[in-house]
Amino acid sequence: MRVSKLFFTSLRDNPADAEMASHRLLVRAGYVRQLGAGIYSLLPLGFRVSQRIEQVIREEMDAIGGQEMEMPVVHPAELWKESGRYAKIGPEMVRFKDRGGRDMVLAMTHEEVVTDLLRDIVKSYRQLPAIVYHFQTKFRDEPRARGGLIRVREFVMKDSYTLDPDEAALDVSYQAHYGAYERIFQRLDLEAVVVGADVGIMGGSLAHEFMVLNDSGEDTLVICETGDYAANQQIAMVRKPEPPVEEPRPTEEVATPDAPTIAALAQLLGVGEDRTAKATFFTTGDGRLLTAIVRGDFEVNETKLSNAVKAIGGLRPAHAEEIAAAGMVPGYASPIGARGSTVVVDDLVASSPNLVAGANKHGYHLLNVNVGRDFTPDLVVDITNARAGDPCPNCGAPLVLRQGIEVGNIFKLGTDFTEKLGATYLAEDGSRRLIVMGSYGIGLGRALACIVEAHHDDKGIIWPATVAPYAAQLVTLSASRDPAVGEAAEGLYQRLTDAGVEVLYDDRDESPGVKLTDAELLGMPRIITISPRSLAAGGAEVTDRASGERSVRPIAEVEAELASAGR
RNA sequence: CGGGGCGUAGCGCAGCCUGGUAGCGCACCUGCUUUGGGAGCAGGAGGUCGCCCGUUCGAAUCGGGCCGCCCCGACCA
């Protein structure tokens, strides 16, 4: 491809609204352009990278027996009503009516459509197991897009679905994907950390996320540096401290003026925050009030809480009026004497004796509160948020927190969808059974952006050879001054192209500064410079973009090397 | 959805406070010169100043409403 004909433009200035390196560089180098919030066009260069990523994924999916197909982006809402997600998912799903007045949605993912196909197609155990996948556009109307291609609303995802006769077979399919994902990210030159993850709207029993460590990442990962534990903070567990062994003492009301916070309370009473019970309040999407109690030295983990109560429509902090309506006084609240809320108590609180808790009276707390004796929780379950330095649940070593970007995920769906939609098969023994599913995604644009995040310097992008849009950028300097330069470059370009080596040829009549700067910005693995000076020195100058190493070599040698390197 | 910011040429910005001819740099077009690190000279093209309403003799500028985009938070497979 000749740069003079390439549909692109590089920008000298950074776009004003780009914060992340990947966003800035991809826009400046002419790989992508924004159309709206979280909506991007891939220009020819960006599309080529996307296709390379797609091909790597395709090869690894095919290697574990995946069959590529394609499912629609527009779905009848009926299907999503059947699975229950039409009601469960909020405004992030785009809903509209077609001309006939029928409810339609834009695909956020494709479990429903796959399951619908199963009803038609899979009848016998002989057809299982199977893996199907496609690369298809998803639209998720996120409340806030950000970070260029990192968090968008419209994006192409590889999503695959495993179809198995039973849980044991699902384990095998799940592991196959786990391995395929490791190979995919290795080939893409992305260092992915695998963490245990929340199942979210997918339901199901087990999920892992493949995370790329990045300080701008939106997910917080809880990692044990000994390598025996890694989880998304949304579900991360810690080894909790042993509560003191004490006999329960009688409760006692004490005046605690101006102590609506745990810190103030602990200081006023001269006790550790670990001797207090903290009550926080949430309202579910369907209007239930939750009272969540954690020990004063911990915070509530909303994902755990939401999962524990099977909240519909998520959680939001409760309003003061809602708390008051349940008979509690914010700042001095506890479930004692209150009613009308679902009380969820962290297991550590349940086993800690003689805590300080609110008296539901402004300016007063209760000493020696004991769960079970003084109030009865609706649920006792782990709802604390893991903190940096907390002990690893496996080995006790201090946990560290890292930020990460989710580039892939794998979910064991089980029979959630097949049960709701009625996708069954006849087993060998003649019994009718539910198909057991798994669901596995990789966002192409996000992977692309993550590669740039991991592979760039202050001059521009440095593509790994596997995904680079072109194997090399051929640059002429001072061609108009010396016809031999143009002749040599044209010849090399022709022969490489004929040999199937994809080269980006900068044949523009631009100054050396512009052409070299652009070449570094665009990031092809090799920059081949032909100039009067290089010809005088014996051929072409080859610069390795990553290392910066340069050497002048005979053109025939450069040609042979590129040809043998494949692309 | 809460807080903050921004919308003026393809990109980056000034002008707005204090109303009166729409500007600068880069990019673009033509010519000449230049050619290994974002060249020089000369000439040129390009703008409903986000949209609507209002105030005014007159609005990019003042007021109101709306829309869009970005950042932080909330939210999120």
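To find a chain, count down the sequence lines: A is the first, B the second, and so on, and within it residues start at 1.
Atom P of B:G64 sits at a distance of 24 Å from the matching atom of B:U21, rounded to the whole Å. Straight-line distance between the C1' atoms of B:U8 and B:G3: roughly 27 Å, to the nearest whole Å. B:A59 and B:C75 are spaced 47 Å apart, taking the P atom of each and rounding to whole Å. Spacing of P atoms, B:A45 relative to B:G36, comes out at 33 Å, to the nearest Å. Distance check on atom P: B:C62 versus B:C6 gives 12 Å, rounded to whole Å. For the P atom pair drawn from B:G63 and B:C16, the interatomic distance equals 14 Å after rounding to whole Å. Remark: the separation of the P atoms in B:C41 and B:U56 is 49 Å, to the nearest Å. Comparing B:C51 with B:G68, their P atoms sit 15 Å apart, to the nearest whole Å.
Across all strands, A:Arg446 comes closer than 4.0 Å to no nucleic acid atom at all (heavy-atom distances). A:Glu541 comes within contact range of at least one nucleobase, with a heavy-atom separation under 4.0 Å. Nucleic acid contact class of A:Arg28 (heavy atoms, under 4.0 Å, all strands): base. Residue contacts for A:Ala145: at a heavy-atom cut-off of 4.0 Å it reaches the sugar-phosphate backbone alone, with no base atom in range. Base contact: A:Glu520 has a heavy atom under 4.0 Å from a base atom. Counting any heavy atom pair closer than 4.0 Å across all strands shown, A:Met93 reaches no nucleic acid atom. Using a 4.0 Å heavy-atom distance criterion, A:Gly36 is classed as a sugar-phosphate-only contact. In this structure, A:Phe155 reaches the bases: a heavy-atom distance under 4.0 Å links it to at least one base atom across the strands shown.
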Check step by step if side chain to side chain contact (heavy atoms under 4.5 Å, CB included) holds for A:Leu474 and A:Asp506.
-> CA-CA 6 Å; A:Leu474 173 60; A:Asp506 192 348; over 6 Å; no
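Taking atom CG on A:Leu477 and atom C1' on B:G37, their separation rounds to 9 Å, with Å as the unit. Atom CG of A:Asp198 is separated from atom C1' of B:C75 by 14 Å (rounded to the nearest Å). Going from atom CD of A:Gln473 over to atom C1' of B:G37 covers 15 Å, rounded to whole Å. Distance, A:Glu19 CD to B:C6 P: 15 Å, rounded to whole Å. In this structure, the CG atom of A:Leu305 is 16 Å from the C1' atom of B:A74, given to the nearest Å. Rounding to whole angstrom units, CZ of residue A:Arg153 and P of B:C69 are separated by 7 Å. The nearest whole Å value for the distance from the CG atom in A:Leu521 to the P atom in B:G37 is 19 Å. To the nearest angstrom, P of B:C32 lies 12 Å from CG of A:Asp509.
Checked against B:C72, B:C70, B:C75, the side chain of A:Pro143 finds its nearest nucleotide in B:C75. Comparing B:G38, B:G36, B:C75 by their closest approach to the side chain of A:Thr517 singles out B:G38. Taking the side chain of A:Val514 as heavy atoms from C-beta on, and the options B:C69, B:G38, B:C71, the nearest nucleotide is B:G38. Across B:G36, B:C71, B:A39, the shortest atom-to-atom separation from the side chain of A:Ser511 is found for B:A39. When distances run from any side-chain atom of A:Glu302 to the nucleotides B:G73, B:C75, B:G36, the shortest one goes to B:C75. Here the nucleotide nearest the side chain of A:Arg550, chosen from B:G38, B:A74, B:G37, is B:G37.
A salt bridge does not link A:Lys420 to A:Glu111: none of the charged nitrogens lies less than 4.0 Å from a carboxylate oxygen.
Applying the Watson-Crick and G-U wobble criteria (two distances, each under 3.5 Å), B:G47 pairs with nothing in any strand. Base pairing analysis places B:G54 opposite B:C62; the two distances defining the Watson-Crick or G-U wobble pair are each below 3.5 Å. Base pairing of B:C26 is made with B:G10, judged by Watson-Crick or G-U wobble geometry with both donor-acceptor distances under 3.5 Å. A 3.5 Å limit on both hydrogen-bonding distances identifies B:G73 as the Watson-Crick or G-U partner of B:C1. The partner of B:G37, taking Watson-Crick or G-U wobble pairs whose two distances both stay under 3.5 Å, does not exist in any strand shown. Within the shown strands, nothing qualifies as a pairing partner of B:C17 under the Watson-Crick or G-U definition with both distances less than 3.5 Å.
The side chain of A:Arg481 places an N or O atom within less than 4.0 Å of a non-bridging phosphate oxygen (OP1 or OP2) of B:G36.
Residues satisfying the side-chain hydrogen bond (donor to acceptor under 3.5 Å, both in side chains) criterion with A:Glu82, sequence neighbours excluded, are A:Arg119. A:Thr291 meets the side-chain hydrogen bond (donor to acceptor under 3.5 Å, both in side chains) test with A:Ser341; sequence neighbours excluded. Listed by chain and residue number, A:Asp382 satisfy the salt bridge (Lys or Arg N to Asp or Glu O under 4.0 Å) test with A:Lys304 (two or more places apart in sequence, or in another chain). For A:Ser4, the side-chain hydrogen bond (donor to acceptor under 3.5 Å, both in side chains) partners two or more places apart in sequence, or in a different chain, are A:Asp507.
In this structure, A:Lys81 is positioned above the aromatic face of A:Tyr86, its NZ or CZ under 6.0 Å from the six-membered ring centre and within 45° of the axis.
At least one donor-acceptor pair closer than 3.5 Å links the side chain of A:Ser83 to the backbone N or O of A:Arg85. Formation of a donor-acceptor pair under 3.5 Å by the A:Thr476 side chain with backbone atoms of A:Ala479 is not found in this model. In this structure a side-chain-to-backbone donor-acceptor pair under 3.5 Å is missing from A:Gln234 to A:Thr303.
At least one side-chain heavy atom of A:Asn307 sits less than 4.5 Å from a side-chain heavy atom of A:Asp198. Residues A:Leu504 and A:Val3 have side chains in contact (heavy-atom distance under 4.5 Å, counting atoms from C-beta outward).
Where A:Gln234 and A:Lys459 each meet RNA chain B at their nearest nucleotide, the meeting point lying more 5' is that of A:Lys459. Nearest-nucleotide assignment on RNA chain B puts the 5′-proximal partner with A:Gly513, out of A:Gly513 and A:Glu142.
The 12-atom threshold is not exceeded at CD of A:Gln186, counting heavy atoms of other residues, nucleotides or ligands nearer than 6.0 Å. The number of heavy atoms from other shown groups lying within 6.0 Å of CE (A:Met20) is above 12.
For B:G38, the base has no donor-acceptor partner in the side chain of A:Arg508 [N/O atoms by modelled type, under 3.5 angstrom]. Side-chain to base pairing of A:Glu510 with B:G37: no donor and acceptor N or O lie closer than 3.5 Å to each other.
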Footprint string (nucleotides 9-16 of chain B, 5' to 3'): B base within contact, S backbone only, - free, heavy atoms under 4.0 Å = --BSS---
Polar atoms only, N or O, under 3.5 Å: list the protein pairs with nucleotides 47-50 of chain B and their distances.
none

